[in-house]
Amino acid sequence: MASTSGKQASKNASKVSSGGSNSSGGSLPTMPGSGATSSLMGSLNKKKKPFLGMPAPLGYVPGLGRGATGFTTRSDIGPARDANDPVDDRHAPPGKRTVGDQMKKNQDDDDEDLNDTNYDEFNGYAGSLFSSGPYEKDDEEADAIYAALDKRMDERRKERRELREKEEIEKYRMERPKIQQQFSDLKRKLSEVSEEEWLSIPEVGDARNKRQRNPRYEKLTPVPDSFFAKHLQTGENHTTVDPLQGQFGGLNTPFPGGLNTPYPGGMTPGLMTPGTGDLDMRKIGQARNTLMDMRLSQVSDSVSGQTVVDPKGYLTDLNSMIPTHGGDISDIKKARLLLKSVRETNPHHPPAWIASARLEEVTGKLQVARNLIMKGTEMCPKSEDVWLEAARLQPGDTAKAVVAQAVRHLPQSVRIYIRAAELETDVRAKKRVLRKALENVSKSVRLWKAAVELEEPEDARIMLSRAVECCPTSVELWLALARLETYENARRVLNKARENIPTDRHIWITAAKLEEANGNTQMVEKIIDRAITSLRANGVEINREQWIQDAEECDKAGSVATCQAVIRAVIGIGIEEEDCKHTWMEDAESCVAHGALECARAIYAHALQVFPSKKSVWLRAAYFEKNHGTRESLEALLQRAVAHCPKAEVLWLMGAKSKWLAEDVPAARSILALAFQANPNSEEIWLAAVKLESENNEYERARRLLAKARSSAPTARVFMKSVKLEWVLGNIEAAQELCTEALKHYEDFPKLWMMRGQIEEQSGTTDKAREAYNQGLKKCPHSIPLWLLLSRLEEKAGQLTRARAILEKSRLKNPQNPELWLESVRLEYRAGLKNIANTLMAKALQECPNSGILWAEAVFLEARPQRKTKSVDALKKCEHDPHVLLAVAKLFWSERKITKAREWFLRTVKIEPDLGDAWALFYKFELQHGTEEQQAEVRKRCENAEPRHGELWCAESKHILNWQKKIGEILVLVAAKIKNTF
């Protein structure tokens, strides 16, 4: 390659020389008198080589063509060293500790490993055989081509290879699983380990010896005063000398340096009382007081300029002496250094000064913080934040001076003026500051509001009239002025406000409220309609939610007409026709939740105008009036409702019940008569009429109505009510005959079989009762109450085994039924077999893991210490189940946690107001731990809720002796039956 480059260079030289000859003596014509010049140029061109300014060709080595391959100096190969000389690395491993070892190792590395074991049939030897040769451009191109081919071939086989690799990995993992996978099933089973089993796992023993396990800490005991007194006595001077001492002359030295010196050290008036060896406790106390006074004086200053610690009672506030920062000392030092760097780099950066001052304040160096922030005000005089921080850190009068200085630098800063007013304690001074501020910054709404708040109403009105001139776009100032003006002037003010701010809705709503307050209710509707039109004309989008919020505020402020007008104007804006009903009902519920009842009433009224024949809307409106309105408003609404929906039986019944509760029986009868005309042969209306008559002791009328109903509209419920009426009135034979007749027609109605069995049981004929229950179960095998009645009948008769068998059979016929499992558990518990009861409960919870009644029972089957744990498990499984919540309330009650128990009772009755047991337990709880007002409140809420369900509740409410009792009376009866056995 070197020879080639040499030839190329010689060719170029020859070409250049020939070119030069042509230019000097060629065929080109020469100008006269230019011979010498041309010859001179030719000689210059011969000397200058054309390749001098060009880059060297590829692979060119200077001097290689003439054999000058270069020479090596000592600096290239390093100092001469013997093979046995040690290397520079003192910690080199064996085999590399001498220069010879290192050279041998380098030679070994350079030699290629051409062993057969390092040979591959396709790739050859590991590593390139030609790695020591030069890597040229054609090598690079070849490598790129091979790499592209490899990549393409690799893509063709990629999917197959990845699938094969995945299968191999899976096979390998199956043959050699990780330890983590081997124990995964045991880890999953850890979730089933109970807290008791976990706690019973023995602790790992400590293998250290006794001295390591129980290190003896150094004990420090305060030294008593007697110790000091005893040792101080050793410093007293002696009045007599031992003869032996005198003989050797140890103490009677002529030099006054021994113990008989004229200034005895032990008698100095220090801690010892003169003439004695006792400690002077009074002087110790004085020294302690002096020290404490010094400490108190050090911390006596604070941000507000008052003492942080009371000198007379310093023990009450020693915490103020402790630094309030929670960081590490090193972190604080780093932060301080960093902030210092920021301040020095950019001294006109306000946040750096503020952060530095706050850091020093937090670490307790208040004076340093003040100095820093004052330096910051010098460096950043136009920064509002720096001045405010300086005013905050400085004490009283100094802060005022700082604020005054800030005002000179920033005369237009509202925040500084507000801070200056806050620093003043006298109202007159505050007014003076704010008025001065308004002279400089008359456009600030915040300053005007602060100034107006300090004035009397008359002065405030004058100031506001000036304020709206300076700030004509502030709605708050206009509205405040309108409130202080008379009716006529307020109207003018609001009209001016509308002219200045045509896009604000609050001005229109205030105008409507003003008209309503002055009795012009007919204007309210017009103002709101005009408001919507005007705002739309000015390009304002009518936001329905905002307007409804404004209506709610009007409702709370007592402006009912304005609230209703707003609702009527905006309730239909932006809603699709098919979504109207659903959206309006949600809006009404939202208003009720927010306490805006008039808004909800207006929404219902508008909905009823749009959907007059919708029974669901009438029902919601009726329930709203029942819960939040008066009896008169409810009855008026129901009259309109039955006129529009005459086929809605429930509306007729609600009207009749309202009249009956008001003890207006004739009106209730007339309503039911009209209901009969609209709904002939309606079972609900027949039964309501029967109930009305029977509740008012008109038994013959009730019998006639039932007989008529059985002939014209015979249903199972009508027959059941007929049997019930005869039963409660004591006509057992008539009841049995009616029951037999009813069962001929409706033998699959389980309540008739239950009543028949209960009548027989009441008469004392247990066999007939058993027969009735058994016949009923043949016809109705899925009736849970029938199974329970038969089981309890056998239990009463002492046939425990038979009762158990009946319940097992019932569970087979009705799997996963929590009521049957609960009865089985209670049967064993009542029999005294607690172990069997616990086993059954465990099975029941496996079969019905989300049953609230089972979890509630399980809590109280546990011993007292385990009940809390069980209740937590119950709440995890059935978080919102009323029975579980009731069990937790009872648990807190049993632990005498009165406040928590009351909270859980309230939560229970809120979630399920139909559960009578919850109300009875709550009432019993209040009887024991509550006031009379709380008891009356629970009773009233229970009467409003009208609960119908609950095990204890139904046992009393459906008893034939209590058939005419009201809700409140049944509540008292159930509460009296409850015993605190839990």
Side-chain angles (χ1 to χ4, degrees), residues 194-196 784-785 788 791-792 807 811 814 816-830 833-898 900-925 938 942 945 947-956 971 974-975 977-982:
S194 66
E195 191 173 351
E196 293 82 3
I784 307 304
L788 298 180
S791 166
R792 286 169 190 167
L807 287 171
R811 293 201 303 272
N814 303 281
Q816 296 183 346
N817 190 282
E819 286 88 357
L820 293 173
W821 277 108
L822 180 63
E823 185 63 25
S824 301
V825 171
R826 286 180 177 171
L827 176 69
E828 304 299 344
Y829 193 80
R830 287 194 294 264
L833 304 170
K834 293 185 181 179
N835 292 334
I836 298 176
N838 286 324
T839 308
L840 276 172
M841 179 58 77
K843 288 181 182 176
L845 288 173
Q846 283 181 348
E847 194 168 325
C848 310
N850 297 317
S851 169
I853 54 172
L854 286 176
W855 278 107
E857 188 73 15
V859 170
F860 289 98
L861 277 180
E862 297 287 340
R864 276 188 182 275
Q866 281 80 42
R867 285 180 182 177
K868 191 172 183 181
T869 309
K870 202 73 173 178
S871 67
V872 172
D873 295 340
L875 284 169
K876 284 178 185 174
K877 288 286 185 181
C878 317
E879 187 179 355
H880 301 294
D881 191 280
H883 295 91
V884 173
L885 298 179
L886 187 60
V888 174
K890 285 161 66 177
L891 185 63
F892 283 125
W893 184 7
S894 67
E895 293 174 356
R896 297 294 179 269
K897 295 178 179 176
I898 306 302
K900 282 191 174 181
R902 186 175 282 114
E903 287 175 8
W904 283 87
F905 275 123
L906 286 168
R907 197 178 298 180
T908 308
V909 296
K910 185 178 180 181
I911 281 181
E912 186 55 86
D914 193 47
L915 186 62
D917 289 5
W919 288 108
L921 281 159
F922 194 10
Y923 185 66
K924 178 80 173 181
F925 169 79
V938 171
C942 177
R948 300 282 178 201
H949 296 92
E951 189 180 358
L952 302 171
W953 185 269
C954 290
E956 292 299 322
L971 178 69
V974 179
K977 291 281 178 72
I978 294 171
K979 294 176 183 176
N980 294 30
T981 54
F982 46 82

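Counting begins at 1 with the first residue of the sequence.
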Visitor: Restricting to non-hydrogen atoms, name the atom on L891 and the atom on F860 that form the minimum distance, rounded to 0.1 Å.
Guide: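 Of all heavy-atom pairs spanning L891 and F860, the closest is N-CZ, 3.8 Å.
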Visitor: Could you walk me through whether K977 and L952 pass the side-chain contact (heavy atoms from CB on, under 4.5 Å) check?
Guide: CA-CA 9 Å; K977 291 281 178 72; L952 302 171; over 6 Å; no
Visitor: If I take atom CG from residue N835 and atom CG from residue L840, how far apart are they, to the nearest 0.5 angstrom?
Guide: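 Spacing of CG (N835) from CG (L840) equals 11.5 Å.
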Visitor: I need the minimum non-hydrogen distance between S824 and L807, along with the two atoms involved.
Guide: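 Result for this residue pair: OG-CB, 3.6 Å.
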Visitor: Anything under 30° is parallel, anything over 60° is perpendicular, the rest tilted; go ahead and classify F925 against F905.
Guide: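 F925 vs F905 ring planes: tilted.
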Visitor: State, with a plain yes or no, whether a side-chain heavy atom of C878 is found less than 4.5 Å away from one of H883.
Guide: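 Side-chain contact under 4.5 Å: no.
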Visitor: Could you check whether any side-chain heavy atom of E857 comes within less than 4.5 Å of a side-chain heavy atom of R826, counting everything from C-beta outward?
Guide: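 In contact.
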Visitor: Does the side chain of L788 come within less than 4.5 Å of L820's, by heavy atoms?
Guide: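 Yes. Closest side-chain heavy atoms under 4.5 Å.
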Visitor: If you look at every heavy atom in P947 and C942, which pair is closest and at what distance?
Guide: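 That closest heavy-atom pairing would be CD-O, 3.3 Å.
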Visitor: Determine whether L822 and L854 make a side-chain contact, defined as any pair of heavy atoms from C-beta on separated by less than 4.5 Å.
Guide: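 Result yes, sub-4.5 Å side-chain heavy-atom pair found.
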Visitor: Take a 6.0 Å sphere around CD of E879 and say whether it holds more than 12 heavy atoms from other residues, nucleotides or ligands.
Guide: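 No.
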Visitor: Do N850 and W855 touch side chain to side chain, with heavy atoms closer than 4.5 Å?
Guide: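 A side-chain contact under 4.5 Å is absent here.
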Visitor: Kindly compute the distance separating OG1 (T869) from CD (E196), expressed to the nearest 0.5 Å.
Guide: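 T869 atom OG1 to E196 atom CD measures 5.5 Å (nearest 0.5 Å).
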Visitor: Between atom CD of E903 and atom CG of L885, what is the distance when rounded to the nearest 0.5 Å?
Guide: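 These two atoms lie 12.5 Å from each other.
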Visitor: What verdict does the salt bridge (charged side-chain N to carboxylate O under 4.0 Å, His left out) test give for R830 and E823, after you've listed the backbone C-alpha separation in whole Å, the side-chain angles of each residue and the deciding distance to 0.1 Å?
Guide: CA-CA 10 Å; R830 287 194 294 264; E823 185 63 25; 3.0 Å; yes
Visitor: Between H949 and C954, which heavy-atom pair has the shortest distance, and what is it?
Guide: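 Heavy atoms of H949 and C954 come nearest at CA-SG, 3.9 Å.
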Visitor: Looking at CD of E819 and OG of S851, how far apart are the two atoms once the value is rounded to the nearest 0.5 Å?
Guide: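 Here the rounded value is 7.0 Å.
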Visitor: Counting distance only, does the side-chain N/O of K924 pair as donor-acceptor with the main-chain N or O of I978 below 3.5 Å?
Guide: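 It does hold such a pair.
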Visitor: Spell out, as yes or no, whether a donor-acceptor pair under 3.5 Å connects the side chain of W919 to the backbone of P913.
Guide: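 Looks like yes, one N/O pair under 3.5 Å.
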Visitor: Within this structure, what is the CG-NE2 distance for the pair L875 and H880, rounded to the nearest 0.5 Å?
Guide: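 NE2 of H880 is found 10.0 Å from CG of L875.
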Visitor: Walk me through whether F922 and L886 qualify under side-chain contact (heavy atoms from CB on, under 4.5 Å).
Guide: CA-CA 9 Å; F922 194 10; L886 187 60; over 6 Å; no
Visitor: Do you know which two heavy atoms are closest between V859 and A874, and how far apart they sit?
Guide: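 Scanning both residues, the minimum pair turns out to be CG2-CB, 4.4 Å.
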Visitor: Has Q866 got more than 12 heavy atoms of other residues, nucleotides or ligands less than 6.0 Å from its CD?
Guide: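 Correct, the count exceeds 12.
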Visitor: Can you list the steps and then say if V974 with L921 is a side-chain contact (heavy atoms from CB on, under 4.5 Å)?
Guide: CA-CA 8 Å; V974 179; L921 281 159; over 6 Å; no
Visitor: Under the side-chain contact (heavy atoms from CB on, under 4.5 Å) rule, what do C848 and W821 come out as? Steps first, then yes or no, please.
Guide: CA-CA 9 Å; C848 310; W821 277 108; 4.1 Å; yes
Visitor: Ignoring hydrogens, what is the shortest heavy-atom contact between A918 and V909? Give both atom names and the distance.
Guide: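 Looking at all heavy atoms of both residues, the shortest contact is CB-CG1, 4.1 Å.
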Visitor: Which distance, rounded to the nearest 0.5 Å, do you find between the CZ of F892 and the CD1 of I898?
Guide: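 If I round to the nearest 0.5 Å, the distance is 11.5 Å.
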